[in-house]
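To keep things clear, I will list the structure first and then write my remarks on it.
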There are 2 protein chains.
Amino acid sequence: MAGVKDVARLAGVSVATVSRVLNDSASVTDATRARVLAAVDELGYRPNAVARSLRTDTTRTIGLVIGDILNPFFTELARAIEDQARASGYSVVIGNADERPERQDHYVRTLLEQRVDGLLLCPTAEITPLVRDVVSGGAPLVFLDRTLPGLDVPTVRADGAAAIAELVRHLARLGHRRIAFVSGPALLSTGRERTEAFKAAMEAAGLAVRPEYLEAGDFQAASGRAAAARLLDLPEPPEVVFAGDNLMALGALDEIRARRLRIPADVGIASYDDVPWFTHVDPPVTAIGQPVQELGRRAVRALLERIEGRPVEPAVLDARLVVRRSCGEPADEPGDEGNGSEGSGRP
Amino acid sequence: MAGVKDVARLAGVSVATVSRVLNDSASVTDATRARVLAAVDELGYRPNAVARSLRTDTTRTIGLVIGDILNPFFTELARAIEDQARASGYSVVIGNADERPERQDHYVRTLLEQRVDGLLLCPTAEITPLVRDVVSGGAPLVFLDRTLPGLDVPTVRADGAAAIAELVRHLARLGHRRIAFVSGPALLSTGRERTEAFKAAMEAAGLAVRPEYLEAGDFQAASGRAAAARLLDLPEPPEVVFAGDNLMALGALDEIRARRLRIPADVGIASYDDVPWFTHVDPPVTAIGQPVQELGRRAVRALLERIEGRPVEPAVLDARLVVRRSCGEPADEPGDEGNGSEGSGRP
DNA sequence: TTGTAAGCGTTATCAT
DNA sequence: ATGATAACGCTTACAA
């Protein structure tokens, strides 16, 4: 494969001049520039980014480790991040942790070895030694969607507490009293916080938080299904199951459907996260939507600031309730149509 | 950041020895190996993959350019590819073309400059000059899901012709005669072939292919919605709309729902691609599922063979029909339960 | 404006 | 078994 040297020889200049033309740095005659460019495409020269990075100690690349690539929340997030990064001249390398600490570590390690300029991490449940090292090592790092307890890292995330409170009030108003919550891993901020918010909201609404109505999953579909099964097997099953993320909601729907139960007559369902297909479920699913696009934009902005060594403002955005029909809402209530998730990617 | 040199100094050996230990190549005394390893983690040394790649001219990385990261078909595919690649010691860098040729080119170029060892490409509609260059340049390349006309590149894809024929027969048996098809871009093999298969199947079933029932979209949701709108505005609208991929089916559902039409009484719907949420739509959507996991496995296998310079077997797998309720199927027909997509990622 | 040459962190060749 | 050193393809002082 052709290199600067070949280009230089063909254009009758030095390698330095070729480099200057390619990076339009310093001053070059229009004549020589033209000759170099001609040589470049005669040879089909493609600059070697590996060599360039070794020399400049920068890759113009950021790493993104997401929780689960099968989760639409994360893919939408990845999309937003990608767009924003590209606009700033950065490429994004995505790693899929599949919600497993060891796989997260695999990618963090790989990305670090590949010398990404910065890292966007949606941390999995445990604080691994590696993550601790990276944090103390001072590599440009921003947590996304989730925090880890006791680690001083700038974080960009959505706060669902207000929306969860609104949801609980909404359910109480509809006459529901037995409400179950399927949370994410307690070690995860998104798991813990949503649970705390739920408990607080229940108490504020004067509803009892029964321990048997507090289930925990791992944010993936199978665990949502299992949790729903346990809840429905209870002597006194809940009137509404509120799933802590969209995949667990999908799992719960699977279970409800397998039992041929009717929504909302037999059991109602609500979901944290809003996804495009919720409007087409029978009946459409009441959900809490996160500002995914904005989350992505802020995350990239924050990381680039860290990379450039500037101080960074952590961001906490608000999630919001989207009322539909899956909790026994009367047919004339608003919110039935339309899609609540900002940036669903469908213009 | 610490390098081999630092490790060597601390361990009291030469850089060559450090390298040997790190790559467990050649023979090293247990004693020195131990000292080197100790030095490595005392310094928190992380090998620089950039330098290594420059020297070895290999990155143990493959590039994957997908059509649309918001399309669950592609994310499931990406997941399968990732798993298979990791098992073979490769990392995957994903680029999202968003079905746009210029964005596809952006990633192809970037990945090539980053010197990926091979490229998995789901080509967008046009044959761009860049793609043509890459093909003739002989870089390890495998087309995935789609082919481009007149280009001699090994391809791994699913053939839906048989399943489409089965779907049409199924619809005919249910008494439908006015069936519309929303295809993908004609320039894309997946667009063209599905259309041809549809036409052939219609004729074989003795049904007329009306030109006004042949719509074209771009595989994204908005175009599916627009096409559905045009079809439903026809003086004699179709009895069933068959969408050429899952996103256009989502768009069509959006439109049908906005018009408060009932499925399948007012209009039936079927989709190429099966996705997990189709079972929860009212009524569950009849679809054609692709063997996504297997597609991913084969693609990686084929690319690795090309990388190692071995000849490669192109693969054509079969898609298959999953009958549900959205086309007026009687309630006792099988296929109502369950999820047709192989590897939906939900154990 | 252009050229020469050093150096980025590895691996690999050739000695020892 | 280990060490010295060249080379990978590029950018960037520094010289001319």
Side-chain angles (χ1 to χ4, degrees), chain A residues 1-40 43-61 89 109-117 139, chain B residues 1-40 43-61 89 109-117 139:
Chain A
M1 172 145 280
V4 266
K5 245 170 176 165
D6 308 285
V7 176
R9 195 177 316 121
L10 182 57
V13 297
S14 75
V15 292
T17 302
V18 174
S19 175
R20 284 190 271 255
V21 170
L22 264 31
N23 301 286
D24 45 37
S25 67
S27 37
V28 195
T29 316
D30 280 353
T32 50
R33 147 168 288 110
R35 268 183 312 154
V36 168
L37 260 20
V40 161
L43 292 174
Y45 168 72
R46 247 182 270 292
N48 184 328
V50 173
R52 185 209 305 274
S53 293
L54 179 59
R55 183 58 234 250
T56 60
D57 198 39
T58 169
T59 53
R60 298 295 286 180
T61 285
R109 195 174 350 252
T110 302
L111 292 169
L112 254 26
E113 290 184 358
Q114 266 154 209
R115 296 302 192 263
V116 293
D117 293 341
Chain B
M1 172 149 280
V4 266
K5 244 169 175 164
D6 308 285
V7 176
R9 195 176 318 121
L10 182 57
V13 297
S14 76
V15 291
T17 300
V18 174
S19 177
R20 282 190 273 255
V21 170
L22 263 32
N23 301 284
D24 46 39
S25 66
S27 38
V28 196
T29 318
D30 281 353
T32 52
R33 147 167 287 109
R35 266 183 312 146
V36 169
L37 260 19
V40 161
L43 293 174
Y45 167 73
R46 248 184 268 292
N48 184 329
V50 173
R52 184 209 307 273
S53 292
L54 179 60
R55 184 58 233 250
T56 60
D57 198 40
T58 170
T59 53
R60 299 295 286 182
T61 286
R109 197 176 344 255
T110 302
L111 292 170
L112 254 26
E113 291 183 358
Q114 266 154 208
R115 295 301 191 266
V116 292
D117 293 341

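Quick caveat, the model's predicted, so the values are computed rather than measured. Throughout, a chain's letter reflects where its sequence line sits, starting with A, and its residues are numbered from 1. Side chains are part of it too, since the values below use all heavy atoms of this structure and drop only hydrogens, waters and symmetry mates.
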>> Tell me every residue that passes side chain to side chain donor-acceptor pair (under 3.5 Å) with Thr58(A), counting only those two or more places apart in sequence or in another chain.
In response: Asp117(A)
> Under the side chain to side chain donor-acceptor pair (under 3.5 Å) rule, what pairs show up with a residue in residues 29-40 of chain B, not counting sequence neighbours?
Replying inline: none
>> Does Thr32(B) reach a base, just sugar-phosphate, or nothing at all? Heavy atoms under 4.0 Å.
In response: sugar-phosphate
> For the atom pair CG (Asn48(B)) and CG (Leu54(B)), what is the distance rounded to the nearest 0.5 Å?
Replying inline: 10.0 Å
Quick test: give all pairs of protein nitrogen or oxygen and nucleotides 8-12 of chain D nitrogen or oxygen below 3.5 Å, distance rounded to 0.1 Å.
| residue | atom | partner | partner atom | Å |
| --- | --- | --- | --- | --- |
| dG9(D) | N2 | Ala51(A) | O | 3.4 |
| dC10(D) | OP1 | Tyr45(A) | OH | 2.6 |
| dC10(D) | OP1 | Asn48(A) | N | 3.3 |
| dC10(D) | OP2 | Val4(A) | N | 2.5 |
| dT11(D) | OP1 | Asn23(A) | ND2 | 3.4 |
| dT11(D) | OP1 | Arg52(A) | NH1 | 2.7 |
| dT11(D) | OP2 | Ser19(A) | OG | 2.9 |
| dT11(D) | O2 | Arg55(A) | NH1 | 2.1 |

>> Under 4.0 Å from OP1 or OP2 of dT2(C): is there any side-chain N or O of Thr29(A) that close?
In response: yes
> If a stem is a run of at least 3 consecutive Watson-Crick or G-U pairs, both distances under 3.5 Å, which stems include DNA chain D?
Replying inline: C:1-16 with D:1-16
> Val13(A) near the nucleic acid: base, sugar-phosphate alone, or nothing, with a heavy-atom cut-off under 4.0 Å?
Replying inline: sugar-phosphate
>> Applying salt bridge (Lys or Arg N to Asp or Glu O under 4.0 Å), can you list everything that pairs with Arg109(B), at least two apart in sequence or on another chain?
In response: none
> With side chains defined as the heavy atoms from C-beta onward, is the minimum distance between Tyr45(A) and Val18(A) less than 4.5 Å?
Replying inline: no
> Does the side chain of Pro47(A) reach to within under 4.5 Å of the side chain of Arg52(A), using non-hydrogen atoms?
Replying inline: yes
> About how many Å separate CZ of Arg60(A) and CD of Gln114(B), when rounded to the nearest 0.5 Å?
Replying inline: 12.5 Å
> Does any pair with a residue in residues 4-19 of chain A pass side chain to side chain donor-acceptor pair (under 3.5 Å), and if so which ones, sequence neighbours excluded?
Replying inline: Ser14(A)-Thr17(A), Ser19(A)-Asn23(A)
>> Tell me the interatomic distance from Asp6(B), atom CG, to dT10(C), atom C1', rounded to whole angstroms.
In response: 13 Å
> In whole Å, what is the span from the CD atom of Glu113(A) to the P atom of dG9(C)?
Replying inline: 15 Å
